[in-house]
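A short worksheet on the structure shown next.
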There are 2 protein chains.
Amino acid sequence: MPGIRVTIKDLAKRMNLSVSTISRALHNNPSIGEETTREVWKLAKQLGYLPNSVASNLRRRKTNMIGVIVPRIDITFHSYVISGVEEIAYKMGYNVTIYQSKDSLEREVAITGILQTNMVAGIIACLALETQNCSHFTRFNSLKVPLVFYDRVSNDLEASKVIIDDFDAAFRVTEHLIITGCKKIAHIAGCQTTSIFASRLEGYKAALLQYNIPFDPNMVCCATDLSYEEGSRCTRKLLKLADIPDGIFCANDYTAIGAIQMIKKSNLRIPEDIAVAGFSNYPVSTIIEPSLTTIDDRAFEMGKTAARMLIRQIEDRDVNIASETVVIKTDLIVRDSTKRAVATEAPKTLVRREK
Amino acid sequence: MPGIRVTIKDLAKRMNLSVSTISRALHNNPSIGEETTREVWKLAKQLGYLPNSVASNLRRRKTNMIGVIVPRIDITFHSYVISGVEEIAYKMGYNVTIYQSKDSLEREVAITGILQTNMVAGIIACLALETQNCSHFTRFNSLKVPLVFYDRVSNDLEASKVIIDDFDAAFRVTEHLIITGCKKIAHIAGCQTTSIFASRLEGYKAALLQYNIPFDPNMVCCATDLSYEEGSRCTRKLLKLADIPDGIFCANDYTAIGAIQMIKKSNLRIPEDIAVAGFSNYPVSTIIEPSLTTIDDRAFEMGKTAARMLIRQIEDRDVNIASETVVIKTDLIVRDSTKRAVATEAPKTLVRREK
DNA sequence: TTGTAAGCGTTATCAC
DNA sequence: GTGATAACGCTTACAA
């Protein structure tokens, strides 16, 4: 910024006051006379003075910047979370800067470095798919930079978390498929080293168990990156089985859409021949035909909650809030892709088992 | 950041060297002995030293931060542009921080303040829908902070621009509809105070003219926010005309999808009864049925180009590059929503008229 | 109520 | 090759 900047020094000279008086006036410090304060503000406005927050941050040894690490910004879920974070952050006087890990551990590590380097006040992060070991986040403990994880979280790190109950949500989706008459339910699963996808698989298994449907490992197909393509690939595989499924629970909406497209291509009907359910309630779920039954994961809400938790920790730092975990409630959204025969059975209460 | 930070002072003390030597060594300044340099790096790594860029930015009076202002992050187009910007920026050693104007002028003005306050090195922006007057951007001229606009740009501001040729693209889409046999083509337009949407309307008109199809104002419907809902609303209106259209060119993919849904609800066939084309090539355009003919606006490319232009301006500031305008080439993507009778006419060359 | 001066962590300009 | 030292723009004890 090599241009001419107006600084408090300039204001001080112009008004024959010291810089400290100017600084205090601009902060509406009560020790400064009303008259002076008003005059300072007037001149500041007139000259277009804007504080240099880089200098202020350095002096105060803290910024009002919240760093957000998302895997990818162009995944609907994360862009909604970001919107939620911003909603709260701006209201509370914080800026938000967004970094994409692209699901790469290497980039994630680099980003934590940048965040430290930039003295962020706090961090909200969703772990990269590649990340197994979170040691690159531990530095923020000693720097006393609060940390809130969302969605994909780490259990071997002392930090706050905002998650949904993936187990419960998966249980309810699977149960819904069972109640609408599915007998052979497949699951297109996410990468099992990531806890949320492991929980979704567990919830699926638990529902089968509860309704006395035997679990068949052939009915589970792992989609590495949960893309449309992977959804199609897995479905093709499932349709080649001797005994094809009559229901598929997909670990996200993208794979569900891939599944629907593949099923239609195979001239099978949805939901009559195969019912399909997804996870996340992306906008496309109402556009695909048939419209997709899915779980609304409340992404915007998650972002807002994460931001609120983080800011509380930033501001009450001395009080030293123990890290907390918030579970956001999800909703099952029933659409055409599972609207089959009328329910024959009422939902059972979920008996939660230790994980 | 109230935690313990390792600074160059700490390194200096430990090694009995001056801070300047440490600083130089860490920058691999050739005036420092190889041995010393190596030792400094070793200790720095060992103690987990990371430079404080806030301090460095203050001292150098510049940051390596690029501020990006997008209307909304959860619009596919913008998230792709951002990805493009990041791709280049990170490679060149710049950080990217993203701000959402939510299409509000008030927020856009506030953001420009924050960007100045944070001493960004340069700015990439897409104007908010509400923005008519860009005077809040002029401050960056005197601050010598380079500015690159993309997509929605201002003509009364001296700044670089990355745009697509909306007129040409709209001409080609409309021409495509004509060639596939449409005789009465409607246009669902965007807000006409925004130049890109005005150009799309002009391109549409130019194509009609070229093929001797009379322009009918009733065939143009303005969708204020270009959402699904607006697309449906406009289509409903068009379908109520005495003489309904046999082709609709929509100013974006969202309205096109709303149009398709409304047409199907009215038991008309696409493309046989009405052909539909969109603009932007969003992922949903392959998911909707029928798949949507559209213009690929090369969002990712746009982001990369904007970043390259900006960084060049940042780094060659003295050379004082005149602001330039780059037009990104677009592609017409033909899909099922316009695959009607075989073409009867070859495309004509576009005769551009002065706008 | 206002001023003085030190310092945040770096970098840059002199010296030696 | 290395070291003092000032400065970036702001905040904040401590004085006056």
Side-chain angles (χ1 to χ4, degrees), chain A residues 1-41 43-44 47-65 116-121 143-144, chain B residues 1-41 43-44 47-65 116-121 143-144:
Chain A
M1 221 154 199
I4 345 89
R5 275 186 80 103
V6 183
T7 70
I8 50 174
K9 258 189 193 162
D10 300 322
L11 301 182
K13 254 184 214 148
R14 285 260 208 160
M15 303 195 62
N16 273 320
L17 286 170
S18 71
V19 288
S20 36
T21 304
I22 304 291
S23 171
R24 285 192 271 250
L26 290 172
H27 286 94
N28 295 315
N29 187 315
S31 74
I32 302 294
E34 264 191 36
E35 174 71 20
T36 322
T37 304
R38 218 174 319 112
E39 287 299 316
V40 170
W41 273 101
L43 184 68
L47 298 186
Y49 168 80
L50 273 191
N52 180 328
S53 44
V54 175
S56 151
N57 290 337
L58 177 60
R59 176 59 235 239
R60 294 179 306 123
R61 314 182 79 203
K62 74 173 289 233
T63 66
N64 59 344
M65 202 131 93
Q116 173 178 349
T117 264
N118 286 323
M119 298 209 312
V120 288
L143 291 168
K144 303 236 174 161
Chain B
M1 222 152 199
I4 341 89
R5 275 186 80 103
V6 183
T7 71
I8 50 174
K9 261 188 190 163
D10 300 323
L11 300 183
K13 254 183 214 148
R14 286 260 208 159
M15 300 194 66
N16 273 322
L17 286 171
S18 72
V19 287
S20 28
T21 305
I22 304 292
S23 173
R24 285 193 271 251
L26 292 172
H27 286 94
N28 295 316
N29 186 315
S31 74
I32 302 294
E34 264 191 38
E35 173 73 19
T36 321
T37 304
R38 219 176 316 112
E39 287 299 316
V40 170
W41 273 100
L43 184 67
L47 297 187
Y49 167 82
L50 274 190
N52 180 329
S53 42
V54 175
S56 156
N57 291 338
L58 176 61
R59 177 61 236 237
R60 294 179 307 124
R61 314 182 77 203
K62 74 173 289 235
T63 64
N64 58 345
M65 205 130 91
Q116 176 179 348
T117 264
N118 287 322
M119 298 208 314
V120 288
L143 290 167
K144 304 234 174 165

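Just so you know, these numbers come straight off a predicted model, no measurement behind them. Worth knowing before you read on, the calculation uses all heavy atoms, side chains too, and leaves out hydrogens, waters and symmetry mates. To find a chain, count down the sequence lines: A is the first, B the second, and so on, and within it residues start at 1.
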To the nearest 0.5 Å, how far apart are [atom1] in [X] and [atom2] in [Y]?
| X | Y | atom1 | atom2 | result |
| --- | --- | --- | --- | --- |
| B/N57 | A/N118 | CG | CG | 7.0 Å |
| B/I8 | B/I22 | CD1 | CD1 | 7.5 Å |
| A/T36 | A/M15 | OG1 | CE | 7.5 Å |
| A/R38 | A/I32 | CZ | CD1 | 13.5 Å |

Would you say [X] places a side-chain N or O within less than 4.0 Å of OP1 or OP2 belonging to [N]?
| X | N | value |
| --- | --- | --- |
| B/S23 | C/dT10 | no |
| B/T36 | D/dT2 | yes |
| A/Y49 | D/dG9 | no |
| A/S18 | C/dT4 | no |

Write down the distance between [atom1] ([X]) and [atom2] ([N]), rounded to a whole number of angstrom.
| X | N | atom1 | atom2 | value |
| --- | --- | --- | --- | --- |
| A/E34 | C/dT1 | CD | P | 10 Å |
| A/N57 | D/dT12 | CG | C1' | 16 Å |
| A/R60 | D/dG9 | CZ | P | 17 Å |
| A/E39 | C/dT1 | CD | C1' | 16 Å |
| B/N118 | D/dC10 | CG | C1' | 14 Å |
| B/L58 | C/dT10 | CG | C1' | 8 Å |
| B/K13 | C/dG9 | NZ | P | 11 Å |
| B/I22 | C/dG9 | CD1 | C1' | 14 Å |

Compare the minimum distances between each of C/dG3, D/dT2, C/dG9 and the side chain of B/T21, then state the nucleotide with the smallest one. D/dT2

Picking from D/dT11, C/dC8, C/dT10, the nucleotide nearest the side-chain atoms of B/K9 would be C/dC8

Which pair of non-hydrogen atoms, one from A/V6 and one from A/L47, has the smallest distance, and what is that distance? CG2-O, 3.4 Å

Hey, does [X] reach any base, or is it just sugar-phosphate, or nothing, if we go heavy atoms under 4.0 Å?
| X | answer |
| --- | --- |
| B/S20 | base |
| A/S53 | nothing |
| B/T7 | sugar-phosphate |
| B/N29 | nothing |

When the nearest nucleotide of DNA chain C is assigned to A/S31 and to B/I8 on a heavy-atom basis, which residue is associated with the more 5' position? A/S31

For a quick check, tell me whether the side chain of B/R59 and the base of C/dT10 share a donor-acceptor pair closer than 3.5 Å. no

Is there a donor and acceptor pair closer than 3.5 Å between the side chain of B/R24 and the base of D/dG3? yes

Counting distance only, does the side-chain N/O of A/T117 pair as donor-acceptor with the main-chain N or O of B/S53 below 3.5 Å? no

